[in-house]
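Quick note on labels: first sequence line is chain A, next is B, and so on, each numbered from 1. Side chains are part of it too, since the values below use all heavy atoms of this structure and drop only hydrogens, waters and symmetry mates.
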Protein chains: 2
Amino acid sequence: MQNLSKNQQIIFDLIDKSNEPMKAYAILFNVQKKGIKAPLQVYRALDKLVEIGKIHKIESRNAFIACQNSSCQVSKATAFSICESCEKVTEINNSSLSKYLSNFKDRAGMKYSKYNLEFFGLCKKCITK
Amino acid sequence: MQNLSKNQQIIFDLIDKSNEPMKAYAILFNVQKKGIKAPLQVYRALDKLVEIGKIHKIESRNAFIACQNSSCQVSKATAFSICESCEKVTEINNSSLSKYLSNFKDRAGMKYSKYNLEFFGLCKKCITK
DNA sequence: ATTTAAATTGTTATAATATAACACTCTGTA
DNA sequence: TACAGAGTGTTATATTATAACAATTTAAAT
Ligand SMILES: [Zn+2]
Ligand SMILES: [Zn+2]
Ligand SMILES: [Zn+2]
Ligand SMILES: [Zn+2]
């Protein structure tokens, strides 16, 4: 596991300490005082962090969260639950699920190397509201 | 199943006869000769078509395909395979998979009402290249 | 230590994706 | 025929993401 570069570290630290997914331009705004001034600097760091599995992109939200699953070094098998009311996102770490999906074969004969799953619903808090 | 409005029908027909996912602005370009001139007209039709399950959004590609699964009237349980080489997208219609995912419960106690799954890999054609 | 290639950074400009706000029109139904 | 809800048309703008180019840093290979 290589070390992160300066920009990568700054941006990872920010996302990691956030308790919700962060959007690219919110990240940019937050790191401007650290000298990162342009969108591209943010996107490049995000690309790399996604590639090495330190963060994941929540595709339906165009937002990024730190990996909450220590075994998930590379972003090849990701699953999330998303509350449609409060937008809380949690990475699902369930070995039955990941085993089922990693072994899934469709009749089309495709060779899968990666998947991303997003569940939507209401979190515990929001159900009772 | 209500009828589609004029714009909805034009845009659905275009997506339905396409054999690949279409992006919003590609759709816009293609329907301009039919009098649909502004992005918002396209996005509004897309929103509705997604809502009633006639099309699905491929989140990782920001593109839309017609539902290929007659039983999928509403977009609450969707799964796709995506070739990372040729970008071919296919809707997966597998009752074992949909049963497994629809019944999936995480320990967090969330109530799921919807999911979207995207598999990535190489299609049959592209494996042999 | 010097060379070299790969990765990273900095910068400006621009492309691509999506929504806000407002006025008007159509459609079905009471 | 009045009414409500859905749909349309339009302009402007917000949000998300990449192109292109030059310079610098890093880590390995000689
Ligand atoms: Zn993870
Ligand atoms: Zn919630
Ligand atoms: Zn479908
Ligand atoms: Zn292919």
Side-chain angles (χ1 to χ4, degrees), chain A residues 1-15 18 20-65 74-75 82 84 87 89 116 118, chain B residues 1-15 18 20-65 74-75 82 84 87 89 116 118:
Chain A
M1 194 187 77
Q2 66 206 298
N3 288 325
L4 300 179
S5 74
K6 178 169 67 86
N7 288 0
Q8 289 160 14
Q9 189 70 57
I10 290 169
I11 287 172
F12 175 72
D13 288 344
L14 177 67
I15 297 172
S18 167
E20 56 188 13
M22 293 196 74
K23 299 188 151 233
Y25 279 73
I27 293 167
L28 176 58
F29 180 79
N30 271 275
V31 297
Q32 275 176 335
K33 47 184 160 298
K34 305 227 173 185
I36 295 175
K37 291 179 199 148
L40 198 43
Q41 296 174 285
V42 172
Y43 279 104
R44 284 195 286 223
L46 289 173
D47 284 351
K48 188 66 182 188
L49 290 167
V50 166
E51 185 192 323
I52 64 178
K54 299 281 286 181
I55 66 172
H56 303 301
K57 182 172 186 181
I58 308 301
E59 292 287 357
S60 64
R61 298 298 185 263
N62 297 317
F64 300 85
I65 63 168
V74 177
S75 300
I82 302 169
E84 290 186 299
E87 292 294 322
V89 173
N116 179 56
E118 298 181 4
Chain B
M1 194 187 75
Q2 66 205 297
N3 288 326
L4 300 179
S5 74
K6 180 170 66 88
N7 288 359
Q8 289 159 15
Q9 189 70 56
I10 290 169
I11 287 172
F12 174 72
D13 287 344
L14 177 66
I15 296 172
S18 167
E20 55 189 13
M22 294 196 74
K23 298 188 152 234
Y25 279 74
I27 293 168
L28 175 58
F29 179 80
N30 270 277
V31 296
Q32 274 175 335
K33 47 184 159 299
K34 305 228 171 184
I36 296 175
K37 292 180 196 145
L40 199 43
Q41 295 174 285
V42 173
Y43 280 104
R44 283 196 286 224
L46 290 173
D47 283 352
K48 189 67 183 185
L49 290 167
V50 166
E51 185 193 323
I52 63 180
K54 299 281 287 180
I55 66 172
H56 303 302
K57 182 172 187 182
I58 308 301
E59 292 286 358
S60 65
R61 299 298 186 262
N62 297 318
F64 300 84
I65 66 169
V74 177
S75 299
I82 302 171
E84 291 186 298
E87 291 294 324
V89 173
N116 179 56
E118 297 181 4

OP1 or OP2 of D:dG7 sitting under 4.0 Å from any side-chain N/O of B:Gln8? yes

Rounded to whole Å, how long is the line connecting atom CG of B:Asn3 with atom C1' of D:dG7? 14 Å

Nearest-Å distance for atom pair CD/P, residues A:Gln9 and C:dT9: 11 Å

Can you check whether B:Asn62 has a side-chain N or O nearer than 4.0 Å to OP1 or OP2 of C:dA18? yes

Side-chain contact check for A:Lys48: nearest option of D:dC21, D:dT16, C:dT8 is C:dT8

Look only at the side chain of A:Glu118 and the backbone of A:Glu59, and say whether a donor-acceptor pair between them is shorter than 3.5 Å. yes

Does OP1 or OP2 of D:dT8 have a side-chain N or O of B:Gln41 closer than 4.0 Å? no

Should A:Lys57 be listed as having a side-chain N or O under 4.0 Å from OP1 or OP2 of D:dA17? yes

Starting at NZ of A:Lys23 and ending at C1' of D:dA17, how long is that distance when rounded to a whole Å? 12 Å

Side chain of A:Lys6: nearest nucleotide among D:dA17, C:dG10, D:dG9? C:dG10

Among C:dT11, D:dG9, C:dA18, the one nearest B:Arg44 by side-chain distance: D:dG9

Separation between CD1 of A:Ile15 and CD1 of A:Ile27, rounded to the nearest 0.5 Å: 4.0 Å

Specify the separation, in whole Å, of atom CD1 of A:Ile36 and atom P of C:dT11. 12 Å

What integer distance in Å separates B:Leu28:CG from C:dA15:P? 16 Å

Would you say the side chain of A:Tyr25 and the base of D:dA14 hold a donor-acceptor pair, judged only by whether the two atoms sit under 3.5 Å apart? no

What is the distance, rounded to the nearest whole Å, between atom CZ of B:Arg61 and atom P of D:dT18? 11 Å

Using a cut-off of less than 4.0 Å, is there contact between a side-chain N or O of A:Ser5 and OP1 or OP2 of D:dT25? no

Report the distance from atom CD1 of A:Ile36 to atom NZ of A:Lys6, rounding to the nearest 0.5 Å. 6.5 Å

Distance in angstrom units between B:Asp47 CG and C:dA20 P, rounded: 10 Å

What distance separates B:Glu84 CD from B:Glu87 CD, expressed to the nearest 0.5 Å? 7.5 Å

Under the criterion side-chain contact (heavy atoms from CB on, under 4.5 Å), which of A:Asp47, A:Leu49, A:Asn62 is the partner of A:Lys57? A:Asn62

Please pick, from C:dA21, D:dA20, D:dT8, the nucleotide with the shortest atom-to-atom distance to any side-chain atom of A:Leu40. D:dA20

Using OP1 and OP2 only, check whether a side-chain N or O of B:Asn7 sits under 4.0 Å from D:dG7. no

Between C:dT11 atom P and A:Gln32 atom CD, what is the distance in whole Å? 12 Å

Proximity to the side chain of A:Ala38 - top-ranked nucleotide from C:dT12, C:dT17, C:dG10: C:dT12

